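Below: one structure, written as structure tokens.
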Amino acid sequence: MSAAATTDDGIRLSRRILQRYLLDDERPVVATRQHWAYLVEPVATTLAALVAVAAVSPTVEETVGQLVAVLWWAWFAVLGRAVWRFAEWRNEWFVATDKRLIMTYGLLTHKVAMMPLRKVTDMNYGRSLLGRMLGYGTFVLESAGQEQAMREINWLPDPDDKYRRICATIFGPAGWDSEEDAGVAPEEDAGRDGDGRAPGGGRPADWDEPGEQDPFETDLPDRPGVADRFDADVLVARRGTPAGRLRRQDHAEARPTGPRWEPVDRDDLPADWEWIDEQPRRRPVAVDPDPTPPRPRRR
């Protein structure tokens, strides 16, 4: 089953993760593979090695013929490394729901790392110069001073949007944590005055000041979706839909039943059918209420 294109309010989610790891009442917020830039280095290394071996082989063959075979075996090793990196990229997923953060990784030994959202104490967000140009970033998670298996999440595509989604899930759309504030709304917080200014005369909370444009920032779209279109493991899900409903919808799409009735023209109706209320219906047939055959009379 091929995956459809990503919509504005949809996310791409692995069917394997949906079926195995998500609870019925969990709502996926972010689901992504690593950025396609993760594959640039192994692909470039493989192509460069191919060009080098092809250029050196004719010269080396005249002197040491066996060395040519060694060079080509070395190139096949580089090619195998690129294939392994691609398999790792295809298998690794980062998923954020309204309850926790999940990361699946590993080929020979498949591993699942998980962190509850309420345990996240700090989430650092960084983008290198190349990351700003190509459109990826890195999240660094802190959880109560403990070492976590998913402390650093690299090669995240479209990191600005994903950072806002996760922060909105942790702190709420208004930017405050309902569990920590115990039901106190932002405008009722004692730390701010009536017009929303922070203590010390800071700017109002609803102040909308345009920021400076980053000269290295680009608007490149999220490219992993191009490869996901040909991946049967990827489905398109509406953001915020519970995992249980997504599973039922995926099962229904995997086993299409088709329509019970086929469209028919008025002239194509059989003789025992008629057109009633714009719908073809079969004429009622008189049925004997007693289907028992009559007994033959005795003479």
Side-chain angles (χ1 to χ4, degrees), residues 6-13 17 22-23 25-35 93-104 113-128 131-132 134-146 148-189 191-192 196-199 202-214 217-222 224 237-243:
T6 305
T7 58
D8 293 337
D9 58 349
I11 58 176
R12 292 185 176 273
L13 181 63
I17 295 177
L22 295 189
L23 304 177
D25 58 343
E26 277 189 289
R27 301 177 183 271
V29 178
V30 170
T32 181
R33 286 188 173 116
Q34 292 179 325
H35 194 271
W93 278 86
F94 171 70
V95 179
T97 70
D98 58 342
K99 298 180 183 297
R100 54 181 173 158
L101 305 176
I102 304 172
M103 186 168 65
T104 63
M114 186 272 292
M115 179 187 297
L117 285 181
R118 55 187 175 83
K119 294 293 186 181
V120 177
T121 58
D122 187 20
M123 184 169 66
N124 297 323
Y125 166 39
R127 300 183 70 178
S128 63
R132 282 180 287 169
L134 298 181
Y136 66 87
T138 301
F139 289 172
V140 179
L141 306 175
E142 298 290 344
S143 175
Q146 300 177 0
Q148 299 291 335
M150 56 183 304
R151 182 177 181 275
E152 187 170 337
I153 305 172
N154 299 307
W155 304 99
L156 276 178
D158 196 10
D160 291 338
D161 179 62
K162 292 175 174 58
Y163 182 80
R164 290 193 299 267
R165 289 192 219 168
I166 296 176
C167 288
T169 305
I170 296 176
F171 303 110
W176 59 290
D177 193 336
S178 58
E179 294 183 359
E180 293 183 0
D181 295 344
V184 179
E187 59 271 11
E188 299 175 357
D189 192 351
R192 296 184 180 272
R197 293 182 180 274
R203 68 179 186 178
D206 57 348
W207 184 272
D208 188 10
E209 180 180 352
E212 297 181 0
Q213 178 67 28
D214 190 342
E217 191 73 36
T218 60
D219 296 328
L220 289 179
D222 184 3
R238 186 178 181 85
R239 189 181 307 148
T241 305

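Keep in mind it's a predicted model, so treat the numbers as computed, not measured.
- Residues K119 and S143 approach most closely at O-OG, 3.0 Å, considering heavy atoms.
- By the salt bridge (charged side-chain N to carboxylate O under 4.0 Å, His left out) test, R27 is found to be paired with no residue, residues two or more places apart in sequence or in another chain being considered.
- For D161, the side-chain hydrogen bond (donor to acceptor under 3.5 Å, both in side chains) partners two or more places apart in sequence, or in a different chain, are R165.
- Every residue two or more places apart in sequence or in another chain that forms a side-chain hydrogen bond (donor to acceptor under 3.5 Å, both in side chains) with T97 is listed here: E26.
- No side-chain heavy atom of T104 sits less than 4.5 Å from a side-chain heavy atom of V95.
- T121 places a side-chain N or O within 3.5 Å of a backbone atom of E142 that can act as its donor or acceptor partner.
- When the side-chain hydrogen bond (donor to acceptor under 3.5 Å, both in side chains) test is applied to N154, the partners found at least two apart in sequence or on another chain are T138.
- No side-chain heavy atom of R127 sits under 4.5 Å from any side-chain heavy atom of Y136.
- The minimum heavy-atom distance between F139 and K162, with the atom names listed, is CZ-C, 4.3 Å.
- By the side-chain hydrogen bond (donor to acceptor under 3.5 Å, both in side chains) test, Y125 is found to be paired with D160, residues two or more places apart in sequence or in another chain being considered.
- Pairing each heavy atom of C167 with each of M123, the nearest pair is SG-CE, 3.8 Å.
- The ring-ring contact (aromatic ring centres under 6.0 Å, His included) check on F94 picks up nothing, with sequence neighbours excluded.
- In this structure, R100 and L23 have side chains that are in contact, with non-hydrogen atoms separated by less than 4.5 Å.
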